[in-house]
J.: 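Structure in structure tokens, see below.
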Amino acid sequence: MGNGKGAFFYFCAMAKDDQFKKVVSHAKEYGYIFGSSEIYDGLSAVYDYAQNGVELKKNIREYWWRSMVYMHQNIVGIDAAILMHPTTWKASGHVDAFNDPLIDNKDSKKRYRADVLLEDYCEKLEQKAQKEIAKAKKRFGDAFDEEQFVSTHPRVVRYREQQKEILGRMAKSLGAEDLADVKALIEELEIADPETGSRNWTDVKQFNLMFGTKLGASAESATNLYLRPETAQGIFVNFLNVQKTGRMKIPFGIAQTGKAFRNEIVARQFIFRMREFEQMEMQFFVRPGEELKWYEYWKETRLNWHLSLGMGKENYRFHDHEKLAHYANAATDIEFDFPFGFKELEGIHSRTDFDLKAHEEHSGKKLQFFDPELNKNYVPYVVETSIGLDRMFLAVLSHSLQDETLEDGSSRVVLKLPSIVAPIKAAVLPLIKRDGLPEIAQEIVENLQWDYNVVYDEKDAVGRRYRRQDAAGTPYCITVDHQTKEDQTVTLRDRDSMEQVRIHIDQLKEKLKKSISYEHWLKNVL
Ligand code: ATP
């Protein structure tokens, strides 16, 4: 139990960046996210999705599901249980190795992930390098050759080399369980507690992130279980069931979305790192030897999915893993430029046959595929795509929240959510509350609500209602006025451009369909 309401606002006080504070408070004010059980002071790093948040989250999930399952004939979905046989987690390696290295500061009593302290240090080096690059770009203008600059400028070269050295040594030490060296590295770099500046550190220890629970009525006979720390294992244990009943032929994929639980050591970045969160994962089963081809395919396809939402190419980058997990032969993260810098949003991993083989060994069941073309059985290799739904939510929310100064000098707060994922697609507004205008507006709501989540709003002057809908992220406002009674036209106002056009009520559905259809948004993914 934790610092609850405190936890919700905690980051506000700590945030280096104003934008992030704004995102957190906007999320609460506009009904996107509340701290969990706030009336009891909450639970740290656990959050509830509010009336608008639940819609945005559902829409992002749907956008992912359609691109993975509906748009790939060889991918099907499942929904496995959160509770699984405990041997699952022995086989997957989570019981023995799902640890994070923790370190405490003896003065501030604050707890940190040792690897994150080192990664943040490297991020600062990278920021310094970026500053040099930006300066030079400005100085040289069109003649600037970035590739040449970064490979020859002594300070940039040094910053990059240092990062490589630090991350390389950290990966080696963690891999060899040499926690003393991880501490030594933190001390050598003189890394201080980011909150207090103290360098008085404890030793580094390993901490298992799985939540335990019990199944059964009496204490003696109860079985120890875990809340799943990832959804992927629910896919692996069902590999054969799905392959047989779905008559799937390799290559094929199984997709799943659902809750996962991790007892994170440090969870201070709002919904970026939660203790209960949701994943959207897909395991793609392929012929051994073809995994790297599919790995490249999924890297490109997943990046295209992100780009299709129109949040700017420059806000994404790949971060290839320096040191691979023992079972992986390639791995990368898609990082997004959150208000606190580039951080992992999605992982794409070539996991070889590690998981299926481990489950074969522990269950004694064969988890193989008979390949008619090769005329032989084998354990398929797996390429995984794994994205956190809550992190994606944060990416969308933080990118969309903007303060705009308008031509007349006034300003507005606008949430420029991609319309396909916006919670409310349109607000229908009678200009005034009489003369039959509310009735016409209600009729429009009733006509549109079959296909779209729309709201009716008659309170306050229309300008204030526009601002309210802008801040809530509603892409369209439909206004009914006296002219509507004469010629059945309404004004359709676009949230982003604020342009208003007059269209006939009968054209509304068609107009919304054009800009808010999956076809319109997803067509660039493949
Ligand atoms: P990190 O290094 O940030 O802890 P990870 O590498 O452990 O993440 P994976 O195990 O690869 O993450 O999980 C896949 C995805 O699940 C991540 O890319 C992220 O989007 C999401 N995710 C993981 N842990 C959390 C969490 N505690 N809260 C929210 N989302 C999470």
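In each ligand, atom 1 is the first atom listed, and ligand 1 is the first ligand listed.
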J.: Taking the six-membered ring for Trp, are F393 and Y49 ring centroids under 6.0 Å apart?
T.: yes
J.: If you count every heavy atom of other residues, nucleotides or ligands that lies below 6.0 Å from E300 atom CD, does the total exceed 12?
T.: no
J.: With a 4.0 Å heavy-atom cut-off (strictly under), which part of L345 contacts ligand 1: side chain, backbone, both or neither?
T.: backbone
J.: Is a side-chain N or O of R262 found less than 3.5 angstrom from the main chain of P229, in a donor-acceptor match?
T.: yes
J.: Nearest to atom 4 (O) of ligand 1, what protein heavy atom do you find, and at what distance?
T.: R273 NH1, 2.7 Å
J.: Can you pull out the closest protein heavy atom to atom 30 (N) of ligand 1? Residue, atom name and distance to 0.1 Å, please.
T.: F277 CD1, 3.4 Å
J.: On the 0 to 90° scale, with breaks at 30° and 60°, tag the F236-H359 ring pair as parallel, tilted or perpendicular.
T.: tilted
J.: Out of all atoms in ligand 1, which are within 4.0 Å of some heavy atom of H349? Include the element for each.
T.: 11 (O)
J.: Is the cationic atom of R61 (NZ for Lys, CZ for Arg) positioned less than 6.0 Å from the six-membered ring centroid of W64 and within 45 degrees of its normal?
T.: no
J.: What is the nearest protein non-hydrogen atom to atom 19 (C) of ligand 1, stated with its residue, atom name and distance?
T.: R391 NH1, 3.5 Å
J.: For G388, counting its heavy atoms only, list the atoms of ligand 1 lying under 4.0 Å from any of them.
T.: 15 (C), 16 (O), 19 (C), 20 (O), 21 (C)
J.: Pairing donors with acceptors under 3.5 angstrom, does anything connect the side chains of E126 and Q163?
T.: yes
J.: For the residue pair L394 and V23, establish whether any side-chain heavy-atom pair is separated by less than 4.5 Å.
T.: yes
J.: Please determine whether any non-hydrogen atom of R113 lies less than 4.0 Å from an atom of ligand 1.
T.: yes
J.: By number and element, which atoms of ligand 1 are closer than 4.0 Å to a non-hydrogen atom of F272?
T.: 28 (N), 29 (C), 30 (N)
J.: Can you name the atoms of ligand 1, numbered from 1 with element, that are less than 4.0 Å from a heavy atom of E346?
T.: 18 (O)
J.: Pull out every atom of ligand 1 sitting under 4.0 Å from any heavy atom of E264, numbered as shown with elements.
T.: 24 (N), 26 (C), 27 (N)
J.: Which residue and non-hydrogen atom of the protein lie closest to atom 28 (N) of ligand 1, and at what distance in Å?
T.: M274 N, 2.9 Å
J.: Counting heavy atoms only, which of E344, K343, M280 is nearest atom 6 (O) of ligand 1?
T.: E344
J.: Should we count CD of E519 as having more than 12 external heavy atoms under 6.0 Å?
T.: no
J.: Using a 4.0 Å cut-off to any heavy atom of S386, which atoms of ligand 1 qualify?
T.: 13 (O), 14 (C), 15 (C), 18 (O)
J.: Give the single entry among R262, E335, Q279 that approaches atom 10 (O) of ligand 1 most closely by any heavy atom.
T.: R262
J.: Answer yes or no: does atom NZ of K299 have more than 12 heavy-atom neighbours from other residues, nucleotides or ligands under 6.0 Å?
T.: yes
